[in-house]
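To start, the structure under review is shown below, and the notes come after it.
When a ligand or atom number is given, it counts from 1 through the structure's own listing order.
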Amino acid sequence: MKNQRIVITGGAGFIGSHLTSTLVEMGNDVVVVDILLRGNKIPKEVQSKIEFHQVDVCDFDAMAKICKGADLIFHFAAILGVDIVADNPIETMETEVNGMQSVARAASTNGISKLIYASTSGVYGHIALEQSVSEEILIDPRTSYAMAKRYNEIYLASLFEEKGVHSVALRFFNIYGLRQDNRMVIPRFIEQALAGDPLTVYGTGEQTRDFTYIDDAIKATIHLAKSAKGFEIYNIANEKEATILDLAQIIIDVTSSASEIKLINAPSKRYDYEVGRRYGSSEKLDKKVGYKPTTELDNGLRIILTDN
Ligand code: UDP
């Protein structure tokens with residue numbers, strides 16, 4: 001992927017900013033659309049190489065103008081973070097649904113034939129009980145965020161049928177890496193470990209997640225963007241299950257911290273959002289593009305700490 005005009009919504013956020021840097025490095029004209037809800041995470045040296053618009057994705061007129069002449073759109077703008085979503089379920093859904101419709105219309109009115117969408121492994125809800133989840137499994141979204149993401153996946157399927165816009169929905173499994181903020185567990189634990197404060201593990205800490213390193217997620221995303229045809233859904237997962245207690249211990253080890261692990265009750269608003277077990281299969285991704293995430297959790301954490 002080179003010499004393409006690429007629009008990235010949410011391109012200043014955590015995943016988006018990594019995608020922005022990589023696509024600039026590859027020699028593309030990158031246009032970032034972001035309302036900077038969480039500041040601008042794009043590295044300074046990259047900021048001068050992009051076109052930037054502080055615009056709400058829901059603003060169709062603005063999006064239609066910005067997307068003119070683009071070859072491809074990555075729609076990564078979203079409201080996320082369990083605490084924020086739990087406090088703002090309606091706003092979360094509105095941003096998802098209105099944002100997607102605005103971006104989809106901007107694509108079809110400008111004759112842009114490819115759209116890559118950041119969905120979520122949250123659509124699986126409580127499904128991942130005994131196995132890693134594959135894309136074929138029946139999903140069970142429980143939250144406004146996950147429901148809206150699932151709705152948009154279906155919307156994209158119809159966008160292909162009706163308007164011929166090719167798209168991919170990426171179901172990201174707990175992506176982590178540099179520049180992520182402490183809404184998510186890994187940066188939060190690293191912050192606590194570096195400060196010597198207790199690591200606040202919610203509940204028993206036996207719940208699991210599949211932590212996927214950002215560089216792997218970006219590689220997978222770009223492979224899929226190149227090969228997108230029709231409408232497809234892919235897991236972006238590391239295929240490894242780690243308990244939150246394990247995670248806390250690994251972070252204490254890699255930071256050589258004297259912090260303790262403290263089991264506490266999760267804030268009540270998190271109750272509906274907690275999933276006991278979640279890990280994914282990247283087999284479909286691997287079959288399609290010959291690549292899947294492999295960075296081990298402790299290695300990914302070491303890279304973050306060295307580059308910090
Ligand atoms: N978690 C925790 N302590 C914290 C923050 C999160 O034990 O201070 C746990 C949380 O209960 C969940 C996991 O870490 O099981 C991942 O939480 P996060 O909010 O990063 O993502 P989620 O997968 O829940 O969307």
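- Taking every heavy atom of Arg278 and a limit of under 4.0 angstrom, the matching atoms of ligand 1 come to 23 (O).
- Each of the atoms 19 (O), 24 (O), 25 (O) of ligand 1 lies under 4.0 Å from some heavy atom of Val82.
- Close approach to Met184 involves these atoms of ligand 1, each under 4.0 Å from a residue heavy atom: 20 (O).
- Counting all heavy atoms, side chain and backbone alike, Glu96 lies closest to Ala78 at OE2-CB, 3.3 Å.
- For the residues Phe211, Tyr202, Tyr145, Tyr176, the heavy atom positioned nearest atom 4 (C) of ligand 1 is part of Tyr202.
- Looking at Arg270, Arg209, Glu274, Glu191, it is Arg209 that brings a heavy atom closest to atom 22 (P) of ligand 1.
- In this pair, His223 and Tyr291 present their aromatic rings tilted. The plane angle is within the 30 to 60° band.
- Which parts of ligand 1 touch Gln207 is read off a 4.0 Å heavy-atom cut-off, strictly below it: atoms 11 (O), 15 (O).
- Counting heavy atoms closer than 4.0 Å to ligand 1, residue Phe189 contributes side-chain atoms (C-beta onward) but none from N, CA, C or O.
- Listed by chain and number, the residues in a salt bridge (charged side-chain N to carboxylate O under 4.0 Å, His left out) with Glu94 amount to none (sequence neighbours excluded).
- Taking every non-hydrogen atom of Val201 and a distance limit under 4.0 Å, the qualifying atoms of ligand 1 come out as 7 (O).
- For the pair Arg171 and Tyr124, the distance from NZ or CZ to the six-membered ring centre is under 6.0 Å and the angle to the ring normal is within 45 degrees.
- If you check the side chains of Thr200 and Gln192, you find a donor sitting under 3.5 Å from an acceptor.
- Taking the six-membered ring where the residue is Trp, His18 and Phe14 present perpendicular rings, their angle passing 60° and hence far from 30°.
- Using modelled atom types, one finds a donor on one side chain and an acceptor on the other under 3.5 Å when comparing His75 with Thr9.
- The heavy atom nearest to atom 16 (C) of ligand 1, considering only Ile264, Thr200, Val185, is found in Val185.
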